[in-house]
Amino acid sequence: MKKIFASFREAVDEITDGSTLMVGGFGLCGIPENLILALGEKGVKDLTIISNNCGVDDWGLGLLLQNKQIKKMVGSYVGENKEFERQVLSGEIEVELTPQGTLAEKIRAGGAGIPAFYTPAGVGTPIAEGKEVREFNGKEYVLEEALTADFSLVSAWKGDKMGNLVYRKTARNFNPMMAAAGKVTIAEVETLVETGDLNPDCIHTPSIYVQGIIQGRLEKRIERRTIRS
């Protein structure tokens with residue numbers, strides 16, 4: 001049985017200034033909403049955040065941006081976050097942009113214990129500057145180092161008291177890879193069930209990757225609402 005937190009503030013209690021965090025989600029889909037809110041309330045600063053993007057101006061990781069809690073952002077998409085754009089242009093935040101597939105593989109490799117890999121993405125562009133480039137079978141590849149984090153904050157549909165996790169549809173996105181790549185992984189789940197209630201064949205993240213779990217209600221905001229005219 002894994003640690004089951006009584007509050008979201010307790011769940012982020014060990015996260016300190018200067019920590020490196022992986023935060024699951026794609027846009028606002030599959031983000032650990034309540035864990036992010038708890039980080040904002042705690043006020044930890046100088047964080048390095050590894051995430052596909054940085055939320056929107058008033059939700060998700062965008063809230064930490066507003067509070068000036070993020071020192072460095074490693075991601076693949078700036079998106080429509082005006083505050084993020086302002087901080088980048090003013091030099092208030094360091095940004096490391098990475099091709100999306102490369103970012104996913106850097107995280108997956110980190111969780112698998114693979115220190116680096118070669119990829120064709122980014123060859124001949126600023127992405128490859130300062131990195132080793134090698135030729136394989138007549139094609140050039142750039143060396144990319146894996147990513148790990150002090151903490152991974154992930155969001156799942158269901159979890160059991162052992163820490164096994166099941167994600168739902170596209171909300172799975174970066175969450176399973178990040179769960180494996182964090183030294184300490186904290187999972188926010190919509191439904192917490194007894195051990196044995198989940199079908200073993202349907203578990204996406206085994207409990208060995210999860211150190212703590214908490215149940216919470218998600219708003220699931222829509223990043224850009226599109227309706228039929």
Side-chain angles (χ1 to χ4, degrees), residues 2-16 19-44 47-67 69-70 73-77 79 81 103-104 107 110-111 147-161 163-193 204-205 207 209-223:
K2 295 300 171 72
K3 172 70 175 177
I4 299 175
F5 296 106
S7 70
F8 285 95
R9 183 60 187 272
E10 179 192 3
V12 301
D13 189 56
E14 293 184 7
I15 299 176
T16 58
S19 294
T20 297
L21 309 180
M22 286 185 180
V23 182
F26 187 101
L28 297 182
C29 178
I31 65 171
E33 298 177 7
N34 295 295
L35 290 171
I36 294 171
L37 287 169
L39 280 177
E41 292 172 1
K42 184 177 181 182
V44 285
L47 300 174
T48 294
I49 301 291
I50 301 169
S51 189
N52 180 68
N53 58 291
C54 208
V56 295
D57 285 321
D58 62 348
W59 196 239
L61 290 172
L63 298 173
L64 303 187
L65 273 177
Q66 289 180 354
N67 294 342
Q69 292 174 260
I70 302 176
M73 180 70 199
V74 180
S76 71
Y77 178 58
N81 192 316
L103 177 66
I107 297 168
L147 289 170
T148 57
D150 300 318
F151 297 89
S152 286
L153 306 182
V154 301
S155 177
W157 178 41
K158 290 183 179 180
D160 67 19
K161 293 182 178 180
N164 296 298
L165 305 178
V166 176
Y167 309 97
R168 188 167 187 267
K169 298 183 178 179
T170 57
R172 190 189 310 187
N173 51 63
F174 281 84
N175 282 295
M177 293 173 287
M178 290 183 172
K183 295 176 184 176
V184 174
T185 292
I186 303 166
E188 173 178 339
V189 301
E190 295 182 59
T191 303
L192 183 62
V193 301
H204 300 129
T205 293
S207 63
Y209 292 120
V210 178
Q211 282 67 51
I213 193 166
I214 185 168
Q215 184 175 11
R217 183 178 178 275
L218 301 177
E219 279 192 40
K220 298 184 181 180
R221 293 191 189 181
I222 297 174
E223 188 169 355

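- Proximity of C29 to N173: side-chain heavy atoms (C-beta onward) are separated by under 4.5 Å at one or more points.
- For E14, there are no side chain to side chain donor-acceptor pair (under 3.5 Å) partners two or more places apart in sequence or in a different chain.
- How far NZ of K158 is from NE2 of H204: 11.5 Å, rounded to the nearest 0.5 Å.
- Annotation: side chain of I4 is in contact with side chain of L192 (closest heavy-atom distance under 4.5 Å).
- Using a 4.5 Å cut-off on side-chain heavy atoms (C-beta onward), L153 and L39 make contact.
- Applying the side chain to side chain donor-acceptor pair (under 3.5 Å) definition to pairs two or more places apart or across chains, those involving residues 22-37 are N34-E188.
- Here CE of M178 is found 4.0 Å from CD1 of I107. Values are rounded to the nearest 0.5 Å.
- Checked against side-chain contact (heavy atoms from CB on, under 4.5 Å), V184 has the following partners two or more places apart in sequence or in another chain: F151, I186, Q211.
- Counting heavy atoms from C-beta on, the side chains of V44 and L64 never come closer than 4.5 Å.
- Between L103 and S76, the closest side-chain pair of non-hydrogen atoms falls below 4.5 Å.
- In this model, a donor atom of one side chain and an acceptor atom of the other lie less than 3.5 Å apart for T205 and Y167.
- Taken from CG in L65 to CD1 in I70, the straight-line distance is 4.0 Å, to the nearest 0.5 Å.
- Counting heavy atoms from C-beta on, the side chains of K220 and E190 come closer than 4.5 Å.
- Atom OH of Y209 has 12 or fewer neighbouring heavy atoms from other residues, nucleotides or ligands inside a 6.0 Å radius.
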Using atom types as modelled, flag every donor-acceptor pair under 3.5 Å from a side chain in residues 20-28 to any protein atom, sequence neighbours excluded.
none

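- In this structure, S155 and L218 approach most closely via the heavy-atom pair OG-CD1, 3.8 Å.
- A distance-only check finds no donor-acceptor pair linking the side chain of K2 to the backbone of I213 [under 3.5 Å].
- Contact detail for V210 and G163: the closest heavy-atom pair is CG2-O, 3.3 Å.
- Residue P32 comes nearest to V154 through the heavy atom pair CB-O, 3.8 Å, listed as atom of the first residue, atom of the second, then distance.
- Panel note: side chain N175, backbone A171; a donor-acceptor pair is recorded below 3.5 Å.
- The CD atom of Q69 lies 9.0 Å from the CD1 atom of I49; values are rounded to the nearest 0.5 Å.
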Listed pairs under 3.5 Å, donor-acceptor, residues 54-61 side chains, sequence neighbours left out:
from	atom 1	to	atom 2	distance (Å)
D57	OD1	K82	N	3.1
D57	OD1	E83	N	3.0
D57	OD2	K82	N	3.4

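- For residues 35-44, there are no side chain to side chain donor-acceptor pair (under 3.5 Å) pairs, not counting sequence neighbours.
- Atom CG of residue D160 and atom CG of residue L165 lie 8.0 Å apart, to the nearest 0.5 angstrom.
- Rounding to the nearest 0.5 Å gives a distance of 9.0 Å between CG of D150 and CD1 of I15.
- No side-chain heavy atom of L37 sits under 4.5 Å from any side-chain heavy atom of F8.
- The shortest non-hydrogen separation linking G110 to A181 is C-CB, 4.3 Å.
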